[in-house]
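The structure under discussion appears below in the form of C-alpha cells.
Both backbone and side-chain heavy atoms feed into the values below; hydrogens, waters and symmetry mates do not. Source: prediction; values computed, not measured. Labels below follow one simple rule: chain letters A, B, ... track the order of the sequence lines, proteins then strands, and each chain is numbered from 1.
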Amino acid sequence: MAERVSGLRASRHQKLERLVERGVDPYPARVRRTHTNAQARALLLEQERVEAAAPPPAPVTVAGRVVALRGMGRSSFADLRDGTDKLQVQFRRDLLGEEYASLKDLDVGDFLEVHGSMIRTRTGEVTVEARKFTLLSKSLRPLPEKWHGLRDTEQRYRRRYLDLIANHDEVMPTFLKRSRVIEGIRAFMSGRGFVEVDTPVLVPVAGGALASPFITHHHALDQDLYMRIATELYLKRLIVGGFDKVYEIGRIFRNEGVDQDHNPEFTMMESYEAYADYTNVMSMVEEMVSTVAQAVLGSAVVRHGEQDVDLSPPWRRIPFLEAVEEHAGIDLYPYVLGGKGADELAAEARAKGFDVADGPVHRVYDKLLSLSVEPRLIAPTFIVDYPMIMSPLAKQKPGSPHLVERFEAFAVGMEVANAYTELNDPVEQRRRFQAQEEVRRRYGDEEMDRTDEDFLLALEYGMPPTGGLGIGIDRLVMLLTGQTSIRDVMLFPQMRSRE
RNA sequence: GGGCCGUUAGCUCAGUUUGGUCAGAGCACCGGACUUUUAAUCCGGGUGUCCAGGGUUCGAAUCCCUGACGGCCCA
C-alpha cells in the first residue's frame, strides 16, 4: 500500500513503481563492487604513468551515490560519490542499447553500481565508461540545492545526514579531523604508557565536578541514578587500585544550558598519572595538543580569525590571582584569605563594570575569570594556582594555604583543559566535601561537588601522589578546525524536540 | 532567564517598510531537443499549510496578540 505523496515527491514514487513493474529490485541486497572510486581512479593514473602502450586496465565495478546527472541525448554523465572520491560515469546509448532508456528512472540521490572501463574523456576527466549499471538504492526525496547546499542551521543540525551530503566538502573534513584528533590522543596516551579504561556512566553519586547532573531511575534496583558529570572519582579509585597511568575518553552529561561552547552531553578525556603533579601534567598537555595538531593538520599553528595561534610548547603560565588582577583590576588576595566576603567582592566587581550576581564566592571568582581573563587568552595559556574554594579535589599548594595546585588551559578565548595535583588526603578531602555541602545548603546551588562516601573510603586505603587532567575533546576539535560553535564539531548536537 | 533577528516551493532566497496583479526567482523537478558534459545548454511547464493559532479589516505572507522552533548577543 503506497503512501500518498504529493508534489515533487510524486515523480520519484512513480519511477519507483515503474522500476518494480519492470522487475527491478530497487533495494537489492548484494553489491558487486570491485574498486572504490579512489582505487578506480588510481588504476587509470597508474596505467597512464607506466606506459601509454600498456594494455588498458580490466573493467571495474564501482558504486556510489549519484550526486549529479547531465543528460545529453544519446550520451549522459553522472557523478558518483562514495566515501573515497567522486568519479564521473558516462552512459552511451551505443554501448548500453536498451538499458540506456532506464536512465530516465534515475535520480540524483540514488545509489548506483556501474561496470565499465576507466577512460579519460576529451576534456580529460577520469571517467567510467558504463557497460552495465544497476540500481543499489532508490532515493525518494530530492536533495538540497547543489550550489548553496543546505544553509538552514536548524536543518543542518537536526538532519546532519543532509548536511553531510549537501555540504560535503565543508562538513565532512571537520568530522574526519575529529576522528583523527581522538585517534591522535589515543596514540599519544598509549605511547606514554597510559591504559584506556571504561568507568560507569550511571552513578549513585554525581561527583568530580561542579555541575548539575541528569537524574534517572533504575527500576529493578528501585534506586535513583545520575548520569556522570565527570569520570574523575572512578579513575582515582583505579589509581588507588594500582593502575599507575589510566585515561578514559567518554561522554559526560551536565544538566546545563546550550550555547556556542556548551552541549548537555560532550566528550572529555580524563587522565590520571601516579607519582606526578600538575607541572608534569602541564608539560604533557602542551606536548599532546601540539603533537595532535601536527598529526592532524601537519602544523602546530592554527588559524583563529585574523591571527595565527601557535600551539607549540612552552605555553605561557600565569597565576590565577595575577591574571585577575591584571585583566579585571581586582586584588582577590584579601578575599582568598577570607578577610572579605563574597557579597563585598560581587559589589567590587560590579563597581569595575563586571556583571556578576551575588552568590557563593567561588562563583564570583569563576565569573571574573570568564569575563575578564578568558576572552583575552588567544595564545595557549595556563592559568595556575586557583583559590582552594573553587577546587575541592585539588591538593593545597605548599606554602599557600588558600591556593591549590590547579591549572586550566585556555586558547582562542576558550577553556580547553583543567588539571590538578590531586588531593589524596582522605581527611582533608572529607573536609572539602563538607565545605561544598555547606555552600550548597546556604545558596541552594546544585553546582557544588557532592560527597562520595565510597570514594572517600577508597582514598582512606591510600592513593599515591597523582596528577590528573580533564580535556574537552569537542573544544579541542573546535580549536584545531577553526570552528566557533561546538555544534559544528558534534554530529548531532542537542536540539529541542519539535511538537 | 533577557534582547534582537529569522521561519515563504524539495533547496537557496526576494516579497513584509507603505495590507489590494505578491504566490515570485534561481537551482531541483516534469515534458521536449541534444553523442564529451562537469553550476551542461536551449524551448515549454509552478509543483506552495507564506511556522502555528487567534485578532483587526471589505481584503492579511504583509498589521496586532499568543505560542513553537532556530540563530546571534547578553545573563
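When the C1' atom is used for both B:G3 and B:A40, the distance is 49 Å, rounded to whole Å.
Contact of A:Arg122 with B:U36 (side chain to base): no donor-acceptor pair of N or O atoms is detected under 3.5 Å. Side-chain N/O atoms of A:Glu125 and base N/O atoms of B:U36 include no donor-acceptor pair closer than 3.5 Å.
A:Phe91 is linked by a ring-ring contact (aromatic ring centres under 6.0 Å, His included) to A:Phe133, counting only residues two or more places apart in sequence or in another chain. Not a single ring-ring contact (aromatic ring centres under 6.0 Å, His included) links A:Tyr420 to another residue, sequence neighbours left out. With sequence neighbours left out, the ring-ring contact (aromatic ring centres under 6.0 Å, His included) criterion links A:Phe407 to A:Phe382. With sequence neighbours excluded, the residues forming a salt bridge (charged side-chain N to carboxylate O under 4.0 Å, His left out) with A:Glu437 are A:Arg440, listed by chain and number.
The partner of B:C4 is B:G71, by the rule that a Watson-Crick or G-U pair needs both atom distances under 3.5 Å. In a base pair of the Watson-Crick type (N1 to N3 plus N6-O4 or O6-N4) or a G-U wobble (N1-O2 and O6-N3), with each distance short of 3.5 Å, B:A9 is matched with no nucleotide. Pairing partner, B:A33: B:U41, with both Watson-Crick or wobble hydrogen-bond distances short of 3.5 Å.
Applying the ring-ring contact (aromatic ring centres under 6.0 Å, His included) test to pairs two or more places apart or on separate chains, none has a residue in residues 21-44 of chain A.
Within residues 72-79 of chain A, the residues approached by RNA chain B to less than 4.0 Å at the level of any non-hydrogen atom are A:Met72, A:Gly73, A:Arg74, A:Ser75, A:Phe77, in residue-number order.
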